[in-house]
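Working notes, structure below.
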There are 2 protein chains.
Amino acid sequence: MKLNNTSQYAIRILAYIADHKEKKLLSAAELSTALVIPYKFLTKIMTELVKADFIKSIRGREGGFKLQKSASEIKVDDILNVFNDSIKEEECILGIGFCNGMCKCALHDQWMEPKLLMQKIFQESSLEDIAGRGCKI
Amino acid sequence: MKLNNTSQYAIRILAYIADHKEKKLLSAAELSTALVIPYKFLTKIMTELVKADFIKSIRGREGGFKLQKSASEIKVDDILNVFNDSIKEEECILGIGFCNGMCKCALHDQWMEPKLLMQKIFQESSLEDIAGRGCKI
DNA sequence: TCCAATTACTACTACTAGGTAGAATTTAAA
DNA sequence: TTTAAATTCTACCTAGTAGTAGTAATTGGA
Ligand code: SF4
Ligand code: SF4
């Protein structure tokens, strides 16, 4: 019951970039060191984040990464979606099938509360929220 | 963000057994057919459930499985623990480290609410609750 | 006693997530 | 123009989860 590793890395990477927008560009080496994420794995994730259009990459010497959109436009849920890790409406905790509202298991009603809360948190929290407050990660 | 397959199977198996206590014993073949779980995989899970002392097995001809404890004594969380799938107090959604109450990320306070709710549901829901109500699975 | 129905054990395969290695490509600075 | 610093691409390795295969052990009933 947790987000997968890659999603967690991605959130931390993007939050870190959002938190350092005074710097024009951040290199993969810099991010890898600061966030303690294996360099080679980080570069792989970066490529996916570029393809997902969250960040822009500048290749070559003095290159690096920066946000492509404003931090408030990127929601946690958007990030999770890239790594197939968001909370799907139709997926069920007990894996019995699809929630059709007709046939409910005994845990259904109880389960909807935390499920909706998590969806809400993910959908409404933007990078700006994460980057601007709390301890830096 | 979901329970792993084996946990889901285990919950359904135990709920089914609890729901059919009028039968003395249920065989692996019967469970496999009723719950549409691959026979060989099911027998593997059964062995773990026996070792975890949730069910008792009777070997040999006319053998099968039955609950070892009363359905109200077996909580969902106990089942999840066997398959290393419960929500750990010290594990964090963002995977930054340990929640020490000193240093909190921006999502921490929001996250505690669904986390505690889920823990509560798992810890307080017993097989009896699941088996007695809702659609049969 | 023997057989067939049953669980238990051991070992394997398939798939996926996480991570690594090395080379190709791009680009600014020297 | 050359070089070094950077991203990108392709291919692989590793560990864990899901699932399969075959056989051994147990036991009630014919
Ligand atoms: S009714 Fe229960 S098993 Fe079915 S989708 Fe809802 S929570 Fe899952
Ligand atoms: S403060 Fe945030 S990152 Fe740290 S344990 Fe709590 S939810 Fe996780």
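Hydrogens, waters and symmetry mates play no part in the numbers below; they use all other heavy atoms, side chains included. The chains referred to below are lettered A, B, ... by the order of the sequence lines, with proteins before strands, and numbering in each begins at 1. Bear in mind that the values here come from a model prediction, so they are computed numbers and not experimental data.
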Query raised in the report: So B/F41 and B/Y9, would you call those rings parallel, tilted or perpendicular, with 30° and 60° as cut-offs?
Result: perpendicular
Requested in this report: State which residues pass ring pair (Phe, Tyr, Trp, His ring centres under 6.0 Å) with A/Y39; sequence neighbours excluded, sorted by chain then number.
Outcome: none
Query - All salt bridge (charged side-chain N to carboxylate O under 4.0 Å, His left out) counterparts of A/E62, not counting sequence neighbours - result: none
Report summary line: On DNA chain C, more 5' by nearest nucleotide between A/L3 and B/K51 is B/K51
Requested in this report: Nearest whole angstrom, please: distance from the P of C/dT26 to the CG of A/L25.
Outcome: 18 Å
Report task. Find the distance between CD1 (A/I79) and CD1 (A/I130) and round it off to the nearest 0.5 Å. Result -> 6.5 Å
**Report entry** Spacing between B/D85 atom CG and D/dT17 atom C1', to the nearest angstrom
**Finding:** 11 Å
**Report entry** Gap between atoms CD and P, on A/Q8 and C/dA17 respectively (whole Å)
**Finding:** 15 Å
Requested in this report: Scan A/F83 against the nucleic acid and name what it touches under 4.0 Å (heavy atoms): base, sugar-phosphate only, or nothing.
Outcome: nothing
**Report entry** Over all atoms of both residues, closest heavy-atom pair of A/N81 and A/S86
**Finding:** OD1-OG, 3.0 Å
Query raised in the report: For every nucleotide of nucleotides 10-15 of chain C, 5' to 3': is a protein heavy atom under 4.0 Å from its base (B), only from its sugar-phosphate (S), or from neither (-)?
Result: -B----
Query raised in the report: In whole angstrom, what separates A/Q68's CD from D/dT7's P?
Result: 16 Å
Report task. Report yes if a side-chain nitrogen or oxygen of A/Y39 is closer than 4.0 Å to either non-bridging phosphate oxygen (OP1 or OP2) of D/dT8; otherwise report no. Result -> no
Query - B/T47 side chain, from C-beta outward: closest of C/dG18, C/dA8, C/dT7 - result: C/dA8
**Report entry** Interatomic distance, A/L31 CG vs D/dT7 P [rounded to whole Å]
**Finding:** 8 Å
Report task. Would you classify A/A28 as touching base, sugar-phosphate or nothing, given that sugar-phosphate means primed atoms plus P, OP1 and OP2, and contacts are heavy atoms under 4.0 Å? Result -> sugar-phosphate
Query raised in the report: Are any side-chain N or O atoms of A/S57 and backbone N or O atoms of A/R59, one a donor and one an acceptor, separated by less than 3.5 Å?
Result: no
**Report entry** Length of the CG-C1' vector between A/N4 and D/dA15, whole Å
**Finding:** 16 Å
Query raised in the report: Below 4.0 angstrom from OP1 or OP2 of C/dT7, is there any side-chain N or O of B/T43?
Result: no
Query - Side chain to side chain, B/M46 and B/I55, heavy atoms closer than 4.5 Å - result: yes
Requested in this report: Would you kindly give the CD1-to-P distance between A/I45 and D/dT8, to the nearest whole Å?
Outcome: 13 Å
Requested in this report: Starting at atom CZ of A/F41, determine the distance to atom C1' of D/dT7, rounded to an integer number of angstrom.
Outcome: 17 Å
Query - Partner set under ring pair (Phe, Tyr, Trp, His ring centres under 6.0 Å) for A/F83, not counting sequence neighbours - result: none
Report task. Please tell me which of the listed nucleotides, C/dT7, D/dA6, C/dG18, lies nearest to the side chain of B/S27? Result -> C/dT7
Report task. Linking directly or through intermediates, with side-chain heavy atoms under 4.5 Å: list the remaining ILVMFWY members grouped with B/L117, chain and number order. Result -> A/L117
Requested in this report: Do nucleotides 21-30 of chain D as a string where each nucleotide becomes B, S or -: B if the base has a protein heavy atom under 4.0 Å, S if just the sugar-phosphate does, - if no protein is that close.
Outcome: BBB-BBBB--
Query raised in the report: Where do B/W111 and A/M118 come nearest, in terms of heavy atoms and distance?
Result: CZ3-SD, 3.5 Å
Requested in this report: Report yes if a side-chain nitrogen or oxygen of B/S57 is closer than 4.0 Å to either non-bridging phosphate oxygen (OP1 or OP2) of C/dA8; otherwise report no.
Outcome: yes
